[in-house]
*Asks:* 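Encoded as structure tokens, here's the structure I'll be asking about.
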Number of protein chains: 2
Amino acid sequence: MSTSTREKIIQLGDDLLRKRGFNAFSYADISKPLHIKNAAVHYHFPSKQDLAVAIAQWHKDIFGRFSLKMANKEPKDRLKTFLNFYHSIHLSEKVDIIGAFATDWHSLEPKVQTEVQEFTELVINWLSELIQEGLDLGQFRTTQNARTTALRILSSIFASTQLVRITSDHDFTRVKNSILEELNN
Amino acid sequence: MSTSTREKIIQLGDDLLRKRGFNAFSYADISKPLHIKNAAVHYHFPSKQDLAVAIAQWHKDIFGRFSLKMANKEPKDRLKTFLNFYHSIHLSEKVDIIGAFATDWHSLEPKVQTEVQEFTELVINWLSELIQEGLDLGQFRTTQNARTTALRILSSIFASTQLVRITSDHDFTRVKNSILEELNN
DNA sequence: TTGCACACTTATTAGTAAATAGGTAATTTA
DNA sequence: TAAATTACCTATTTACTAATAAGTGTGCAA
């Protein structure tokens with residue numbers, strides 16, 4: 001199963017977006033490592049904003065498949081897998097896609113913003129449902145409602161991928177563990 | 001008390017950094033509104049990275065004065081003022097400076113990174129002390145240690161300034177209130 | 001009064017950005 | 001097998017980008 005050039009561009013674009021920032025990489029940063037010309041990238045994605053749209057859609061696809069795969073798992077295990085996923089983001093020196101898009105939000109075209117919004121709602125809804133299910137099953141304890149708890153978990157964990165670039169790796173594990181402990185206390 | 005050109009450049013630079021992103025604004029975006037020439041900005045800050053250093057130092061100054069002013073207040077009131085400060089960031093359509101720098105981290109020179117690290121440590125230490133004091137006085141309840149709680153509060157609140165650009169304003173208030181409630185439960 | 005630092009301006013440069021026009025070889029379809 | 005489509009490349013354009021050199025007026029200080 002060989003990866004198409006289009007797919008390679010999206011993956012490398014995503015990597016650059018989350019390692020350096022949307023306005024900190026150029027088409028040259030994509031074309032050089034793939035040994036193609038700048039114009040070839042423009043062939044697949046006429047503008048950089050088109051590439052951003054594709055990256056956001058790619059994340060929606062991945063998350064869609066992830067949530068399907070997790071559907072029959074226990075709420076606690078789903079949350080653990082989710083947090084481990086963010087741990088792998090941290091280890092690969094990237095930040096979460098939500099934050100990467102959010103900080104450069106006002107330099108993104110509406111078509112990009114819409115895709116990012118759809119992806120983010122997908123994640124928040126999935127997390128909210130997971131929390132609600134955990135509460136119903138008596139596996140979680142929280143004083144807040146499901147969506148608020150979901151928002152706090154999401155913001156804590158995606159901010160951590162950013163924060164630990166500045167402080168230390170150890171702080172990521174602190175936050176990650178505290179999220180799980182807090183729901184169990 | 002008139003504001004110097006240097007000060008105006010820092011304030012506008014900070015505004016652009018937190019509204020658009022570090023790599024999404026240029027010296028022209030600063031010189032035009034201030035009715036000076038591009039080269040005048042370079043006179044005060046030879047490189048863009050020098051401007052970033054000055055912005056980070058400016059935040060250290062502001063936070064230093066803020067923490068002095070808050071020194072004799074109750075832990076709970078200090079935290080409320082801190083959270084209200086982030087609310088004003090949200091209302092002015094900016095994101096927190098920590099996240100703004102973090103997402104573009106790998107495009108920043110070491111001298112900028114050092115300043116940002118110093119500012120961040122200042123905030124985390126201040127928050128940790130506040131939490132510890134609140135725990136000692138029996139005003140707060142938490143199952144985590146002070147630094148971990150501080151990290152979770154900071155990450156939740158600064159991520160919220162980013163997240164609500166994508167979701168809705170209402171989500172900011174949800175998170176803000178939940179931080180206070182969680183310490184009181 | 002002279003001279004020098006300060007806070008700019010004008011003018012320019014070298015480099016990079018995204019984007020496009022037009023061409024080509026290989027494959028697919030009618 | 002002719003025509004169209006795909007997936008590129010070469011070459012170029014337009015528009016910035018940060019950065020610098022050299023000059024100017026103002027005001028203070030010796």
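Every chain is numbered from 1 and lettered A, B, ... according to where its sequence line falls, protein lines coming before strand lines.
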*Asks:* Measure the distance from CD1 on A:I30 to C1' on C:dA17 and round it to the nearest whole Å.
*Replies:*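 Answer to the nearest Å: 13 Å.
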*Asks:* Tell me: CG of B:L34 to P of C:dC8, nearest whole Å?
*Replies:* 10 Å
*Asks:* Give a yes/no on whether any side-chain N or O of A:H44 is located under 4.0 angstrom from OP1 or OP2 of D:dC8.
*Replies:*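 Affirmative; the distance criterion is met.
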*Asks:* Salt bridge or not for A:R147 and A:E121, using N-O below 4.0 Å?
*Replies:* yes
*Asks:* Can you identify which nucleotide, out of C:dA18, D:dA19, C:dC8, has its nearest atom closest to the B:H42 side chain?
*Replies:* D:dA19
*Asks:* Could you check how far CZ of A:F22 sits from C1' of C:dA18, rounded to whole Å?
*Replies:*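 One finds 11 Å between C1' of C:dA18 and CZ of A:F22, rounded.
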*Asks:* Nearest to the side chain of A:A39, heavy atoms from C-beta on, is which of C:dA11, D:dC8, D:dA11?
*Replies:*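 Ranking C:dA11, D:dC8, D:dA11 by closest atom to the A:A39 side chain puts D:dA11 first.
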*Asks:* In whole Å, I'd like the distance from the CD1 atom of B:I9 to the P atom of C:dA7.
*Replies:* 11 Å
*Asks:* Rounded to the nearest angstrom, tell me the gap between atom CD1 in A:I36 and atom P in D:dT10.
*Replies:*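 Checked: the CD1 to P distance equals 12 Å.
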*Asks:* For A:F66 and A:F63, I'd like to know if the aromatic rings sit close, meaning centre-to-centre distance below 6.0 Å.
*Replies:*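 Centroid separation for A:F66 and A:F63: below 6.0 Å.
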*Asks:* Atom CG of A:N38 and atom C1' of C:dA17: how far apart are they, to the nearest Å?
*Replies:*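 The answer, rounded to whole Å, is 9 Å.
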*Asks:* Any side-chain N or O of A:T5 less than 4.0 Å from the OP1 or OP2 oxygen of D:dA7?
*Replies:* no
*Asks:* From C-beta outward on A:K37, which listed nucleotide comes closest to its side chain: D:dC8, C:dA19, D:dT10?
*Replies:* D:dT10
*Asks:* Taking the side chain of B:Y43 as its heavy atoms from C-beta onward, which of D:dC9, C:dC6, C:dT9 lies nearest to it?
*Replies:* C:dC6
*Asks:* May I ask you to evaluate whether A:S26 reaches the phosphate of C:dA17, defined as a side-chain N or O under 4.0 Å from OP1 or OP2?
*Replies:* yes
*Asks:* What's the NZ-P distance between A:K48 and D:dC16, to the nearest Å?
*Replies:* 16 Å
*Asks:* Between B:K111 and B:E109, is there a side-chain N and carboxylate O pair less than 4.0 Å apart?
*Replies:*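 B:E109 and B:K111: salt-bridged.
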*Asks:* Is there a side-chain contact between B:L91 and B:F172 in this structure, where contact means two heavy atoms from C-beta onward sitting under 4.5 Å apart?
*Replies:*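 No, every pair of side-chain atoms sits at 4.5 Å or beyond.
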*Asks:* Look at all strands and tell whether B:F25 reaches a base, only sugar-phosphate, or nothing, counting heavy atoms closer than 4.0 Å.
*Replies:*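 Counting heavy atoms under 4.0 Å across all strands, the contact made by B:F25 is with sugar-phosphate only.
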*Asks:* Starting from P on C:dC6, measure out to CZ on B:R6 and report it in whole angstrom.
*Replies:* 13 Å
*Asks:* Under the 6.0 Å and 45° cation-pi test, does A:K37 pair with A:Y43?
*Replies:* no
*Asks:* By nearest atom, which of the nucleotides D:dA21, C:dA18, D:dA19 is closest to the A:Y27 side chain?
*Replies:*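 So the nucleotide nearest the side chain must be C:dA18.
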